[in-house]
Amino acid sequence: MEYSKDYSSYTTNDFIADDAFLQWVRSPDTASDAWWQTWLTAHPHKQQQVDEARAFIIQLQFAEQLPDQDAVNASLAHSLLRIEAAERAAVPEVKQRPVRKLYWWAAAAALIAGIMITVKYLLPASPEMIKISGYAQGVRTVKLPDNSMVRLNAGAALSYRKDWTSATNREIWLQGEAFFDIKPSATAMRAAKGFVVHSGNALIDVLGTSFNVREGGAFTTVTLNTGKIRLSFNDLPDNPFILNPGDFVQYQTTSNKIIRKKVNPALYAVWKEERQYLEKITLQELAWYIEDTYNYRVKITDEQLAAQQLSGSLQVRDETSLLETLSLHSS
Amino acid sequence: MQHIDPAVWEACKAGDKGAYAAIYRLYYPRLYNYGYKLTDNVVLIEDSIQEIFVRFWINREQLNAIREFRSYLFVSFRHCLLRLLSQHRQQQGDLPDEEQYVFALEMSAEQQRLAKEEEHEQLRTLRSAMDHLTPRQREAIFFRFYENMDYDEIAAILQISVKATYKLMARAIEVLRSAYHTMPLVPALMTLATLATALGSLQLSMAIMDTGIIYKC
């Protein structure tokens with residue numbers, strides 16, 4: 001600590017406010033003790049101010065609200081899982097898609113499918129757009145001009161051209177999470193052919209399907225329930241991806257990398273119903289879902305437990321309600 | 001106040017999870033204690049701590065000094081918690097008010113219990129003087145006299161200039177200290193130089209006692 005200041009004109013309040021003085025009162029050592037003793041000997045008229053300032057600082061003791069050791073340990077354990085998950089996300093396992101196939105999937109277009117994608121932002125939309133925003137809380141059901149149904153999750157928004165008859169494709173720009181139940185073009189409105197969802201840098205081609213879209217973080221995630229879709233990313237050369245039922249594709253925007261795997265797709269669209277009935281979901285599948293959606297690392301050490309199947313209705317508003325429901329079921 | 005060992009800091013930056021755990025254990029209680037003065041919603045406090053530590057881990061290589069780290073933690077924690085609080089209030093249907101914040105800084109009750117009798121009055125005065133500070137002044141006092149931070153660090157956390165921090169602190173100290181001046185008897189820690197003043201106070205207190213007697217009659 002340096003003592004370059006001239007303390008001779010300091011008031012009690014000045015001493016209280018001084019860095020070196022505070023340090024001396026709070027953590028005195030031989031050096032600071034010696035310095036202040038010497039200074040006081042030279043300036044005896046300041047003894048009163050120094051004493052008052054010392055007494056004041058010593059008296060300032062505040063009530064503490066400290067967590068107990070168990071709480072610290074639990075929080076730390078949770079944090080370690082999260083940073084591991086963050087590291088995994090930063091260096092994802094990359095699987096390249098096989099050589100591009102022709103559009104054989106178009107034949108299956110009339111099938112009902114469900115996909116879930118996570119998007120980054122809404123693309124700029126052309127004029128004469130209709131924009132529909134979801135509720136702040138809860139699920140909003142929207143009917144599109146071709147009678148397709150959309151469920152918007154909290155905070156999501158979609159827009160589309162006002163006039164669908166003149167468009168070659170039915171196009172949706174989406175921000176946030178939504179589940180689409182798209183009518184096949186044959187039974188839908190006249191002119192429109194395909195159904196395209198733009199979401200951030202992803203483009204999803206669907207022809208008669210039901211699917212689900214969600215925004216959050218740095219990921220774009222698409223999970224297909226049934227049917228087939230074609231998925232393209234603006235920034236990836238290796239496009240498009242053909243998704244089969246149960247396929248999960250996650251695209252990380254920052255690192256431009258892709259994870260592809262098989263999942264139980266019913267789980268990934270579970271939020272769309274007030275209470276979604278799920279059949280024979282294993283705990284392991286649930287664990288993967290929690291990992292992929294909420295960025296936790298979930299480890300089930302007991303293999304038998306991991307393979308245990310659950311059936312029943314599940315309500316998922318957020319991770320807290322999901323974990324609460326799970327803890328009820330397992331106990 | 002305990003500080004991070006520089007060796008632990010370097011290890012953590014290099015990716016050592018044990019070192020990370022040591023830092024977490026050191027700062028979790030301190031952030032919790034601080035957060036509790038902004039809200040008693042421990043879920044939001046926990047969420048904020050989780051959030052900022054993950055961010056710290058991801059960005060740890062960009063932080064240069066330990067000193068920088070301390071204010072970094074408090075700045076990001078404060079920001080995160082106030083944002084969550086604001087969202088929470090809106091969800092509860094309260095009027096959205098970004099600026100609305102409290103800082104419940106209270107004097108230690110334990111200290112009052114252990115204090116000598118002659119100090120009781122003084123502590124009580126200090127306690128009530130604390131209520132006369134603005135939330136921001138209380139927060140500055142907390143960082144100064146609980147966390148023992150210097151003005152640069154406090155300025156960084158409160159997002160104001162160092163000069164403004166000096167002024168804020170001086171004003172807060174003045175309010176707290178002015179409570180003393182209004183006390184009838186300044187007890188203890190008297191030196192010879194202050195004896196004359198003390199005698200003056202004594203006469204004043206006797207005068208007050210006299211008034212009391214008159215009331216009794």
Side-chain angles (χ1 to χ4, degrees), chain A residues 11-20 22-23 25-27 40 44-69 71-87 89-90 136-137 154 218 254 295-296 319-320, chain B residues 1 15 17 20-21 24-25 28-30 32-33 35-37 40 42-43 45-46 49-51 53-58 90-91 104-111 115 119 122-123 126 130 141-142 144-146 148 150-151 166 169-170 173-174 176-177 180 186 188-194 197:
Chain A
T11 65
T12 305
N13 287 9
D14 293 338
F15 279 117
I16 293 169
D18 185 70
D19 277 332
L22 178 66
Q23 181 122 10
V25 174
R26 279 292 155 85
S27 40
L40 277 170
H45 62 290
K46 285 289 162 190
Q47 184 74 48
Q48 182 199 346
Q49 281 85 349
V50 167
D51 285 346
E52 280 176 2
R54 265 187 73 96
F56 177 82
I57 290 172
I58 289 167
Q59 272 193 338
L60 273 184
Q61 291 180 34
F62 304 111
E64 291 175 311
Q65 286 90 11
L66 296 172
D68 62 28
Q69 201 52 46
V72 179
N73 288 339
S75 179
L76 172 61
H78 187 189
S79 180
L80 287 170
L81 291 177
R82 282 194 60 179
I83 63 172
E84 274 173 37
E87 282 176 339
Q137 274 181 304
T254 46
N295 209 17
Y296 285 137
E319 50 190 311
T320 321
Chain B
M1 196 58 66
K17 297 236 172 75
Y20 172 84
Y24 197 93
R25 284 180 196 285
Y28 181 87
R30 283 163 69 173
Y32 184 97
N33 178 53
Y36 207 90
K37 295 172 176 31
D40 58 0
V42 291
V43 175
I45 294 172
E46 170 73 22
I49 297 176
Q50 287 288 341
E51 187 62 35
F53 264 95
V54 171
R55 258 189 270 158
F56 154 63
W57 180 257
I58 294 167
Q90 281 180 32
Q91 278 169 14
L105 184 61
E106 279 166 17
M107 299 297 291
S108 156
E110 179 75 353
Q111 179 193 15
E119 288 172 357
Q122 212 169 359
L123 282 172
L126 200 53
M130 202 63 81
I141 289 284
F142 169 82
R144 179 73 179 160
F145 295 102
Y146 182 82
N148 292 322
D150 62 32
Y151 288 91
Y166 271 101
M169 196 73 69
I173 291 170
E174 202 181 308
L176 289 181
R177 286 259 311 146
Y180 281 30
V186 183
L189 296 155
M190 290 292 168
T191 59
L192 279 172
T194 59
T197 335

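Letters A, B, ... are given to chains in the order of the sequence lines, protein chains preceding strands, and every chain is numbered from 1. Not measured: the values here are computed from a predicted model.
- Residues B/Q50 and A/S75 have side chains that bring a donor and an acceptor to within less than 3.5 angstrom of each other.
- Atom CZ of B/R177 sits about 5.0 Å away from atom CD of A/E52, to the nearest 0.5 Å.
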**Study point:** side chain to side chain contact (heavy atoms under 4.5 Å, CB included) between A/Q61 and B/L126, worked out
**Key:** CA-CA 10 Å; A/Q61 291 180 34; B/L126 200 53; over 6 Å; no
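- Of the atoms belonging to B/M107, heavy atoms from both backbone and side chain fall under 4.5 Å from chain A.
- Formation of a donor-acceptor pair under 3.5 Å by the B/R144 side chain with backbone atoms of A/A17 is found in this model.
- Taking the salt bridge (charged side-chain N to carboxylate O under 4.0 Å, His left out) definition, one finds that B/R55 meets it with B/E51, sequence neighbours left out.
- When side chains are defined from C-beta on, A/S79 does not count as touching B/W57, because their heavy atoms never get closer than 4.5 Å.
- For B/E46, the part lying under 4.5 angstrom from a heavy atom of chain A is the side chain only.
- Top candidate by heavy-atom pairs under 4.5 Å with chain A, chosen from B/Y166, B/F142, B/Y151, B/F56, is B/Y151.
- The closest donor-acceptor contact from the side chain of A/R26 to the backbone of B/F145 lies under 3.5 Å.
- Among A/N73, A/I57, A/V72, the residue with the largest count of heavy-atom pairs under 4.5 Å with chain B is A/V72.
- For B/A170, no part lies under 4.5 angstrom from a heavy atom of chain A.
- A distance of 11.0 Å separates CD in A/Q59 from CG in B/L176, rounded to the nearest 0.5 Å.
- Between A/P67 and B/P29, the closest heavy-atom pair is CD-CA, 3.7 Å.
- Two residues are said to be in side-chain contact when any heavy atoms from C-beta on lie closer than 4.5 Å; B/Y146 and A/E64 meet this criterion.
- In plain terms, the two heavy atoms of A/A63 and B/N33 that are nearest each other are O-OD1, 4.1 Å.
- Every residue two or more places apart in sequence or in another chain was checked for a salt bridge (charged side-chain N to carboxylate O under 4.0 Å, His left out) with A/D14, and none qualifies.
- Between A/L80 and B/Y20 the shortest side-chain heavy-atom distance falls below 4.5 Å.
- Heavy atoms closer than 4.5 Å to chain B are found in the side chain of A/L22, but not in its backbone.
- Separation of atoms NE2 (A/H78) and CZ (B/F53) is listed at 14.0 Å; rounding is to 0.5 Å.
- Contacts of A/I58 with chain B are made by backbone atoms alone, with heavy-atom separations under 4.5 Å and no side-chain atom involved.
- Only the backbone of A/D18 comes within contact range of chain B, with heavy atoms under 4.5 Å apart.
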